[in-house]
Amino acid sequence: QAHFVESGGGLVQPGGSLRLSCTVSGGTLDHYTIGWFRQAPGGERKWIACIRGSTKSETYADSVKGRFTISRDNAENTVYLQMNSLEPEDTAVYYCAASPTGGATLNSYDYWGQGTQVTVSS
């Protein structure tokens, strides 16, 4: 069974950047849409971006559009989330997940990583 691992989180000052990685083992990403979600303390898990497997088309939530960029390297079985101009409101645990169909709903995604913490604070 595919196993997803997120990495790259940490503490960053407002206005800074981070790049998150989502790497899969025991499977391949090629045919899946990969999504990034985040869950702030006390909040719900929310979709923020996804990228399709075949076309590599990208879709973003309004909250991150223009600041975050999702990309994928199918040969490396890795999906990235480049996060720029980070704000304290971006503080959350970030998760990657795989879906055969894609979309912005949690139920569309079958496989999940354990998450990586991103904290934006001065």
Side-chain angles (χ1 to χ4, degrees):
Q1 183 173 342
H3 180 61
F4 289 77
V5 177
E6 302 94 339
S7 61
L11 173 64
V12 63
Q13 292 186 342
S17 299
L18 283 174
R19 189 177 79 157
L20 305 183
S21 299
C22 170
T23 302
V24 64
S25 58
T28 62
L29 296 177
D30 298 25
H31 304 296
Y32 287 93
T33 293
I34 303 300
W36 282 98
F37 294 75
R38 67 185 182 186
Q39 187 166 14
E44 297 179 347
R45 192 172 300 187
K46 296 181 179 180
W47 170 85
I48 55 172
C50 64
I51 184 167
R52 293 198 175 275
S54 54
T55 65
K56 297 187 178 180
S57 63
E58 306 158 30
T59 311
Y60 299 92
D62 288 343
S63 59
V64 305
K65 194 175 297 182
R67 299 187 299 125
F68 291 11
T69 302
I70 190 171
S71 61
R72 64 191 295 158
D73 184 338
N74 287 346
E76 295 295 327
N77 274 341
T78 301
V79 172
Y80 303 97
L81 185 68
Q82 178 67 43
M83 307 187 296
N84 299 328
S85 302
L86 284 162
E87 304 166 351
E89 293 74 21
D90 295 316
T91 295
V93 178
Y94 284 70
Y95 300 88
C96 66
S99 169
T101 57
T105 59
L106 272 67
N107 290 341
S108 298
Y109 291 81
D110 298 326
Y111 303 101
W112 291 83
Q114 294 301 306
T116 185
Q117 176 71 47
V118 172
T119 302
V120 184
S121 175
S122 56

Could you list all the salt bridge (charged side-chain N to carboxylate O under 4.0 Å, His left out) pairs where at least one residue sits in residues 65-80, not counting sequence neighbours?
Asp62-Lys65, Arg67-Asp90

Taking side chain to side chain contact (heavy atoms under 4.5 Å, CB included) as the test, write out the residues that go with Ser57, two or more places apart.
Arg52, Thr55

Can you sort out the partners of Val24 under side chain to side chain contact (heavy atoms under 4.5 Å, CB included), two or more places apart, ordered by chain and number?
Ala2, Phe4, Leu29, Asn77

Would [X] and [Y] show up in the same hydrophobic cluster when neighbours are defined by side-chain heavy atoms closer than 4.5 Å?
{"X": "Met83", "Y": "Val12", "answer": "yes"}
{"X": "Tyr60", "Y": "Val79", "answer": "yes"}
{"X": "Trp47", "Y": "Tyr32", "answer": "no"}
{"X": "Tyr111", "Y": "Leu20", "answer": "yes"}
{"X": "Trp36", "Y": "Tyr109", "answer": "no"}

Filter on disulfide (SG to SG under 2.5 Å), then keep only pairs touching residues 29-68, sequence neighbours left out; what's left?
none

Within this structure, what is the CD1-CD distance for the pair Ile51 and Glu58, rounded to the nearest 0.5 Å?
5.0 Å

Identify the two heavy atoms, one from [X] and one from [Y], that lie closest to each other, and give their separation to 0.1 Å.
{"X": "Pro14", "Y": "Ser121", "value": "CD-C, 3.6 Å"}
{"X": "Asn84", "Y": "Ser17", "value": "OD1-OG, 2.9 Å"}
{"X": "Ile70", "Y": "Ile34", "value": "CD1-O, 3.8 Å"}
{"X": "Leu81", "Y": "Ala49", "value": "CD1-CB, 4.5 Å"}
{"X": "Thr105", "Y": "Ser108", "value": "OG1-OG, 2.7 Å"}
{"X": "Ala92", "Y": "Gln117", "value": "O-NE2, 3.4 Å"}

Polar side-chain atom of Gln114 near backbone of Val5 as donor-acceptor pair, under 3.5 Å
no

For Gly115, does its backbone N or O pair with a side-chain atom of Glu6 as donor and acceptor, under 3.5 Å?
yes

Hits for disulfide (SG to SG under 2.5 Å) against Cys22, two or more places apart or cross-chain, chain-then-number order -> Cys96

Inter- and intrachain pairs under ring pair (Phe, Tyr, Trp, His ring centres under 6.0 Å), touching residues 66-99, at least two apart
none

What do the steps show when you test Phe37 against Trp112 for ring pair (Phe, Tyr, Trp, His ring centres under 6.0 Å), and what is the final call?
CA-CA 10 Å; Phe37 294 75; Trp112 291 83; 4.8 Å; yes

So, do Arg38 and Val64 sit near enough that their side-chain heavy atoms are less than 4.5 Å apart?
yes

Assess the side chains of Thr119 and Thr91: does a donor N or O sit below 3.5 Å from an acceptor N or O?
no

